[in-house]
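The structure displayed is predicted, hence computed values, not measured ones.
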2 protein chains.
Amino acid sequence: MTAIDTSASVDSRRAWEVVLQHIEADLLAGRLVPGDHLPAERALSSELGVGRSSVREALRVLEVLGLIRTQTGSGPQSGAIIIARPSGGMSSLMRLQVAAQGFDVRDVVKTRLVLEAAVVTELAEASAAALDSAPLDLGDAVRLLDAMDADGRVSEAEFLALDAAFHLALAELSGNAVIASMMAGLRNSIESYVLAGVPNLRSWAETSGRLRHEHRAIIAAIESGDAESARDIVNAHITGYYAETNFISTSEQRTSDG
Amino acid sequence: MTAIDTSASVDSRRAWEVVLQHIEADLLAGRLVPGDHLPAERALSSELGVGRSSVREALRVLEVLGLIRTQTGSGPQSGAIIIARPSGGMSSLMRLQVAAQGFDVRDVVKTRLVLEAAVVTELAEASAAALDSAPLDLGDAVRLLDAMDADGRVSEAEFLALDAAFHLALAELSGNAVIASMMAGLRNSIESYVLAGVPNLRSWAETSGRLRHEHRAIIAAIESGDAESARDIVNAHITGYYAETNFISTSEQRTSDG
DNA sequence: TCGTATGCTGTGGCCTGACCACATGGCCTG
DNA sequence: CAGGCCATGTGGTCAGGCCACAGCATACGA
């Protein structure tokens, strides 16, 4: 009796899809913008004529995709709030697709290579073009490199986490949120593989030293506006690591396999 | 009385996260592979000691992310089945993030440019390298071009849909599922903007003719193994369209805005 | 008067039980 | 042997309840 089924008596869409599309429409129309509160679950439920559990299913999806943040209790911070943080959703998506064999790990690495090259190219060109105006502050990235230089006091896992953060920082500095979140997701999805490869290294000290050196070289190439060499270094940087860990033979990917 | 709370009496994870992580663990361990059936919702519920609604929230997430397909009824096709189709999830994610202003449309276009260039580069290089062995069949893509040539009998929307399919086909031919699904998501997320830009064109006939010509040129460049010109053409192809629709002035993106 | 304590209220989180539509597969009947 | 019928198990959905939690207003005490 709650739902009025005049018009579209048979709604082919499932109830939770109705909720999802309703919210998407509100977003597209600008009726909902980041920072706004969604109506309470019970309100949304009666407003749309669906059960609260269906509303919750839709909200769960939005939460995983990084569109909303939920909080119990009362007050301004409670409820479901639009946040629009893509990285979390991208990470979940890629991690699960890799787990479910929808994504081949080699393709993840190759894609990361493509995006990473695009990022440093863009940064280098921006640096070259803006020598006079804005000086292109790479401080965030450099600080991470400094943290990685605390030799001996940084575990393998910590080092690799900082490494990931460094590459992510570069992506964010390029100003492209799409690429940045993709990079976050790609890296996140193969995190466990990266860690698992460490024992295969001949010498962690040697490898980490090389990685640190390459990082500095990337920064230097960007600052000097040398896009081409930045691209080459980052290429060798990533390819080299995976080759050393025997994680993937990047030289002969997908030559003739299905 | 159903849930036994020995060990980990306070589970900080929310109930639906427990379900999600359980399934993810099964995927990673290979206990679940594409084609397999998930346990029934009620079984999963009692097995994990959570309510069925929580199980459903997790399944909903998996469904939107493209990991499972659900079907009512009984028989071999009913229930939740692992499918691992990333495109749908990528599309949802990007579409909603664009709607929620988490992604700037200009960044979406720029990212598409990067990926598209990588795709045609890879295809061209593969074509050049495999002149003797496998002849690199572009048939799928070419058939789409043929369909677009039915001049006058293809509406704007249909033409643009075929255009999208063409670019997606190229991505899939490159063999990289990650890039292919990203391209699908990127294109999908700006679908409405692309369509909305059509009225801004000086002449649809002129533009569509140019697009068709450029498509053929891309194919030709790939087949001749000319990666560089393939990249240039695809770049001009995409940039040109958006410039013509005044949808975005690709020449001066993000020069000094926040 | 001021500060604190206390309870009210509204939020999401979760569970239970119930019903429905549906698809299958076996059983029963003609 | 063929065809129809129903038992069974599935996801889809709803209603209602309880809980923990956070804020806020109110009342009370210093």
Participant: Taking donor-acceptor contacts at under 3.5 Å, does the side chain of Arg52(B) reach the base of dT13(D)?
Facilitator: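 Yes, a donor-acceptor pair under 3.5 Å.
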Participant: Quick check: on DNA chain D, is the nucleotide nearest Ser78(B) upstream (toward 5') of the one nearest Ser45(A), or the reverse? Name the residue that is more 5'.
Facilitator: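 By nearest-heavy-atom nucleotide position, the 5'-most residue is Ser78(B).
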Participant: For side-chain contact (heavy atoms from CB on, under 4.5 Å), just list the numbers for Ile23(A) and Leu59(A), CA-CA rounded to whole Å, side-chain angles, deciding distance to a tenth of an Å, and then say yes or no.
Facilitator: CA-CA 10 Å; Ile23(A) 295 174; Leu59(A) 294 189; 4.1 Å; yes
Participant: So for Arg60(B) and dG12(D), does any side-chain atom that can act as donor or acceptor lie under 3.5 Å from a complementary atom in the base?
Facilitator: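 For Arg60(B), whose side chain was compared with the base of dG12(D), there is no donor-acceptor pair (under 3.5 Å).
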Participant: Atom CZ of residue position Arg52(B) - does it have more than 12 heavy atoms of other residues, nucleotides or ligands inside 6.0 Å?
Facilitator: yes
Participant: For a quick test of reading the model, state the closest non-hydrogen atom pair linking Ala169(A) to Leu144(A) and the distance between them.
Facilitator: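 Looking at all heavy atoms of both residues, the shortest contact is CB-CD1, 4.0 Å.
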Participant: Within this structure, what is the CD-to-C1' distance between Glu63(B) and dG11(D), rounded to whole angstrom?
Facilitator: 10 Å
Participant: If every non-hydrogen atom of Val194(B) is compared with every non-hydrogen atom of Tyr241(B), which pair is closest and at what distance?
Facilitator: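 Closest approach of Val194(B) to Tyr241(B), heavy atoms only: O-OH, 3.5 Å.
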Participant: Using 4.0 Å as the upper bound for N to carboxylate O, is an ion pair formed by Glu63(B) and Arg60(B)?
Facilitator: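 Result for this pair is yes, salt bridge flagged.
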Participant: Could you check which of dG12(C), dG11(D), dC15(C) has an atom nearest any side-chain atom of Ala40(A)?
Facilitator: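 Among dG12(C), dG11(D), dC15(C), the one nearest the side chain of Ala40(A) is dG12(C).
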Participant: Taking only N and O in the side chain of Arg14(A), is any of them less than 4.0 Å away from OP1 or OP2 of dT13(D)?
Facilitator: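 Looking at the OP1 and OP2 atoms of dT13(D), neither is under 4.0 Å from any side-chain N or O of Arg14(A).
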Participant: One character per nucleotide, please: for nucleotides 19-26 of chain D, 5' to 3', B when the base has a protein heavy atom closer than 4.0 Å, S when only the sugar-phosphate does, - otherwise.
Facilitator: --BBB---
Participant: Send over the distance from Leu59(B) CG to dG12(D) P, rounded to a whole Å.
Facilitator: 8 Å
Participant: Select base, sugar-phosphate, or nothing to describe what Ser53(B) touches, counting heavy atoms under 4.0 Å on all strands.
Facilitator: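 Base contact.
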Participant: In degrees, rounded to 10°, what is the bend between the two ends of the helix from dT1(C)-dA30(D) to dG30(C)-dC1(D), using five pairs at each?
Facilitator: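 It works out to 30° between the end axes.
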Participant: For Glu57(B) and dC14(D), give me the distance from atom CD to atom P, rounded to whole Å.
Facilitator: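 Computing the Glu57(B):CD to dC14(D):P distance gives 14 Å.
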Participant: Rounded to the nearest Å, what distance is computed from the CZ atom of residue Arg13(B) to the C1' atom of nucleotide dC14(C)?
Facilitator: 16 Å
Participant: If I take atom CG in residue Leu44(B) and atom C1' in nucleotide dG11(D), what distance separates them, rounded to the nearest angstrom?
Facilitator: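 These atoms are roughly 13 Å apart.
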Participant: Using a strict 4.0 Å threshold on nitrogen-to-oxygen distance, state whether Asp163(B) and Arg187(B) make a salt bridge.
Facilitator: yes
Participant: Between Leu48(B) (CG) and dC15(C) (C1'), how many Å, whole number?
Facilitator: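 Between C1' of dC15(C) and CG of Leu48(B): 15 Å.
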Participant: Using every non-hydrogen atom in the two residues, find where Gly35(B) and Ile81(B) come nearest and quote the distance to one decimal.
Facilitator: O-CG2, 3.6 Å
Participant: Nearest whole Å is fine: how far is dG16(D) P from Glu41(A) CD?
Facilitator: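 So the two atoms are 17 Å apart, to the nearest Å.
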Participant: Could you label the plane-to-plane angle of the His167(B) and His215(B) rings as parallel, tilted or perpendicular, counting under 30° as parallel and over 60° as perpendicular?
Facilitator: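 Rings of His167(B) and His215(B): perpendicular, over 60°.
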Participant: Which pair of heavy atoms, one from Ser91(B) and one from Ala184(B), lies closest together, and at what distance?
Facilitator: OG-O, 3.8 Å
Participant: Could you check whether Glu57(A) pairs with Arg14(A) (Lys NZ or Arg NE/NH1/NH2 to Asp/Glu carboxylate O, under 4.0 Å)?
Facilitator: no
Participant: Compare side-chain N and O positions of Ser54(A) against OP1 and OP2 of dG12(D) and report whether any pair is under 4.0 Å apart.
Facilitator: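 Looking at the OP1 and OP2 atoms of dG12(D), neither is under 4.0 Å from any side-chain N or O of Ser54(A).
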Participant: Please check the phosphate of dG12(C) (OP1 and OP2 only) for any side-chain N or O of Arg56(A) closer than 4.0 Å.
Facilitator: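 The answer is no; no side-chain N or O of Arg56(A) sits under 4.0 Å from OP1 or OP2.
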